[in-house]
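Hydrogens, waters and symmetry mates play no part in the numbers below; they use all other heavy atoms, side chains included.
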Amino acid sequence: MAKKKKSKFAINSEYIIVLFLMKVLSILPYRVVSDIGGMIGILGYYLDSRHRNITLKNLGMAFPDLEHKRIINLAKKAYKNLGRSAAEAVYIATKNPAYVYKFLNKRITIEGKENLKSEIKKGNGVIYLTGHFGNWELMGITFGTINCPYNVIVRPLDNPRINSILLKLRGITGGKVLPKKNVLRDVLRCLKNGEALAILIDQNTSRDLGVFVDYFGTPAATNKGPAIIAMKSGASVIPTFLVREGKYRHRLIFGETVNLCRSGDKEKDIYTNTEIFTNILESFVRKYPDQWFWMHQRWKTRPEERVRA
């Protein structure tokens, strides 16, 4: 069933609210903005019962040995991180590029830049392998501050006026959003030109678009597109995550280049490489469980044999 479009009134009302918030947050110090976002995140935990239940269920599946009190504590921390991240992104969206560059250089420590630069020099393009982790919007705009701006494939927001604000944020340091139509052609072209592509691998997908690989011990429908793109393009795949350190600082980590499986059996290689990518994501989420987006129904699509059962 097609999703019902928002009314013009709803679109304009939401846009006015966001503009108001941007005006208010723009005049406050960054730390205050981040703290307000954290408080809003906690408030969201208590008010949004639907996503709270999804979060608690997901955490229970991922960490079955944790007692319920610790699961609840993790859920609250995840909401708090999400609230901070959203407020920080709104704050950045109100600033000019010069301020943003200075701000990011002050707040974000970069690890593994030498490996990234080495892979860029090869000229085959770079794939930032990542997920909805930490403050992923802040991560995207940080790429431009080290002269490695990114391309990214995203689904537009339901509100086009708010989506335009998000596009402006993503492009403030040179990032580009690729439209979904003919996206494979555009992706391969940008990688062939030696550009970088950010791929988020942590969302549920349909059976026809994905393969089932274990994520925290449970089969998860995972998009096979990233593996196909990596194998077809020959681009260097670099695990990339922005880790929140304390309240107000972050560490952008560029990991070691991933060695792709190339056995000659295409379908087997797609599965194996998707599994490798997912294991990398899981390793970061296990280390920093409060920084992943647990509010998404990651295990919604089930293998056919489980559906029949």
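A donor-acceptor pair under 3.5 Å links the side-chain atoms of N193 to the main chain of R189, judged by distance alone. Under the 3.5 Å distance criterion, the side-chain polar atoms of T240 are left unmatched by any main-chain donor or acceptor of F254. Panel note: side chain R84, backbone S34; a donor-acceptor pair is recorded below 3.5 Å. Under a 3.5 Å cut-off, the side chain of R251 and the backbone N or O of I108 do not form any donor-acceptor pair. Side chain of T55 to backbone of N53: no donor-acceptor contact under 3.5 angstrom is found. H296 contributes a side-chain N or O that, together with a main-chain N or O of N204, makes up a donor-acceptor pair within less than 3.5 Å. Under a 3.5 Å cut-off, the side chain of R170 and the backbone N or O of N151 do not form any donor-acceptor pair. Side chain of N273 to backbone of A227: no donor-acceptor contact under 3.5 angstrom is found. Of the possible polar contacts, one joining the T173 side chain to the I141 backbone as a donor-acceptor pair under 3.5 Å is found.
Y248 is connected to V100 through a chain of hydrophobic side-chain contacts under 4.5 Å among Ile, Leu, Val, Met, Phe, Trp and Tyr, so both are in one cluster. Under the 4.5 Å side-chain contact rule for hydrophobic residues, L157 and I172 share a cluster. Taking hydrophobic clusters as Ile, Leu, Val, Met, Phe, Trp and Tyr residues chained together by side-chain heavy-atom distances below 4.5 Å, V24 shares a cluster with I162. Under the 4.5 Å side-chain contact rule for hydrophobic residues, V213 and I280 do not share a cluster. Under a hydrophobic-cluster definition in which Ile, Leu, Val, Met, Phe, Trp and Tyr are linked whenever side-chain heavy atoms come within less than 4.5 Å, directly or via other members, L281 and Y271 are assigned to different clusters.
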For L28 and Y91: C-alpha separation, side-chain torsions, deciding distance, then whether side-chain contact (heavy atoms from CB on, under 4.5 Å) applies. CA-CA 9 Å; L28 297 174; Y91 175 84; 6.0 Å; no
Given the rule in the ring pair (Phe, Tyr, Trp, His ring centres under 6.0 Å) test, do W294 and F133 qualify, once you have shown the distances and angles that lead to the verdict? CA-CA 10 Å; W294 294 96; F133 181 95; over 10 Å; no
Review point. Taking it one step at a time, do Q203 and N223 satisfy side-chain contact (heavy atoms from CB on, under 4.5 Å)?
Key: CA-CA 8 Å; Q203 289 195 305; N223 196 323; over 6 Å; no
- prompt: What's the verdict on side-chain contact (heavy atoms from CB on, under 4.5 Å) for L197 and L178, showing C-alpha distance, side-chain angles and the deciding distance?
  reply: CA-CA 10 Å; L197 173 73; L178 299 176; 4.2 Å; yes
Note to self: Show, in sequence, the C-alpha distance, side-chain angles and deciding distance for L138 and I92, and conclude whether the side-chain contact (heavy atoms from CB on, under 4.5 Å) test is met.
What the structure shows: CA-CA 8 Å; L138 207 62; I92 289 295; 3.9 Å; yes
Practice prompt. Show the numbers, then the answer: is there a ring pair (Phe, Tyr, Trp, His ring centres under 6.0 Å) between Y150 and Y128?
Written response: CA-CA 8 Å; Y150 72 127; Y128 298 127; 7.4 Å; no
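Salt-bridge annotation for D158 and R155: present, with a side-chain N of the basic residue lying under 4.0 Å from a carboxylate O of the acidic one. Looking at D269 and K266, no side-chain N of the basic residue comes within less than 4.0 Å of a carboxylate O on the acidic one, giving no salt bridge.
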Acceptor/donor pairs from residues 69-79 side chains to any protein atom, 3.5 angstrom cut, sequence neighbours excluded:
| unit_1 | atom_1 | unit_2 | atom_2 | d |
| --- | --- | --- | --- | --- |
| K76 | NZ | Y46 | OH | 2.9 |
| Y79 | OH | H51 | O | 3.4 |
| Y79 | OH | R52 | N | 3.1 |

Can you list, pair by pair, the side-chain donor-acceptor contacts under 3.5 Å of residues 112-121, counting residues two or more places apart and other chains?
| unit_1 | atom_1 | unit_2 | atom_2 | d |
| --- | --- | --- | --- | --- |
| N115 | ND2 | G255 | O | 3.0 |
| N115 | ND2 | T257 | OG1 | 3.4 |
| K117 | NZ | I146 | O | 2.7 |
| E119 | OE1 | K122 | NZ | 3.0 |
| E119 | OE1 | S236 | OG | 2.6 |
| E119 | OE2 | K122 | NZ | 3.4 |
| E119 | OE2 | T257 | OG1 | 2.9 |

Would you list the atom pairs, donor with acceptor, under 3.5 Å between side chains in residues 12-20 and any protein atom, with sequence neighbours excluded?
| unit_1 | atom_1 | unit_2 | atom_2 | d |
| --- | --- | --- | --- | --- |
| N12 | OD1 | R161 | NH1 | 2.9 |
| N12 | ND2 | K8 | O | 3.3 |
| S13 | OG | F9 | O | 2.7 |
| E14 | OE1 | K6 | NZ | 2.9 |
| E14 | OE1 | N159 | ND2 | 2.9 |
| E14 | OE2 | K6 | NZ | 2.9 |

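No side-chain heavy atom of Y45 sits less than 4.5 Å from a side-chain heavy atom of K80. Residues T130 and P239 fail the side-chain proximity criterion, which asks for heavy atoms closer than 4.5 Å. A 4.5 Å side-chain heavy-atom check between F284 and W292 finds every atom pair outside the cut-off. In this structure, E267 and I270 have side chains that are in contact, with non-hydrogen atoms separated by less than 4.5 Å. Within the 4.5 Å cutoff, no side-chain heavy atoms of L252 are placed close to those of E111. Side-chain contact between I253 and L242: absent, with no pair of heavy atoms (C-beta onward) separated by less than 4.5 Å. Contact annotation: the side chain of N81 never approaches that of D290 to less than 4.5 Å [non-hydrogen atoms, C-beta and beyond].
Across I199 and P226, no two heavy atoms sit closer than the pair CG2-CG, 3.3 Å. Minimum heavy-atom separation, C261 to T272: CB-CG2, 3.8 Å. Summarising the geometry of V33 relative to E88, their closest heavy-atom pair is CG1-N, 4.5 Å, with the distance given to 0.1 Å. The heavy-atom pair separating P149 from A196 by the smallest distance is O-CB, 3.7 Å. Heavy-atom minimum distance, G234 versus N124: O-CB, 3.7 Å. The heavy-atom pair separating R302 from P219 by the smallest distance is NH1-O, 3.0 Å.
Judged by distance alone, the side chains of D208 and S206 do bring a donor and an acceptor atom under 3.5 Å apart. In the model, T301 has no side-chain atom that pairs as donor or acceptor with a side-chain atom of R207 under 3.5 Å. In this structure, a donor-acceptor pair under 3.5 Å is absent between the side chains of W299 and N58. There is a side-chain donor-acceptor pair under 3.5 Å between T222 and R298.
Within 6.0 Å of CG on N259 lie no more than 12 heavy atoms contributed by other residues, nucleotides or ligands.
When each of Q291, E137, R244, H250 is tested with S85 by the rule side chain to side chain donor-acceptor pair (under 3.5 Å), just one qualifies, namely R244.
Within the model, atoms CD of E275 and CZ of F212 stand 14.0 Å from one another, a figure rounded to the nearest 0.5 Å. Between the CG atom in L129 and the CD1 atom in I238 there is a gap of 10.0 Å [rounded to 0.5 Å]. Here the CD1-CG distance, from I229 to L191, works out to 7.5 Å after rounding to the nearest 0.5 Å. Once rounded to the nearest 0.5 Å, the distance linking CE of M295 with CG of D48 reads 9.0 Å. Here the CG-OG distance, from L184 to S233, works out to 9.5 Å after rounding to the nearest 0.5 Å. To the nearest 0.5 Å, the span separating OH on Y101 from CG on L104 amounts to 9.0 Å.
For the pair K95 and Y99, the cation-pi criterion (under 6.0 Å, within 45° of the ring axis) is fulfilled.
Between W136 and F293, the two ring planes are perpendicular [angle over 60°; tilted spans 30° to 60°].
Aromatic ring centres of Y288 and F241: separated by at least 6.0 Å.
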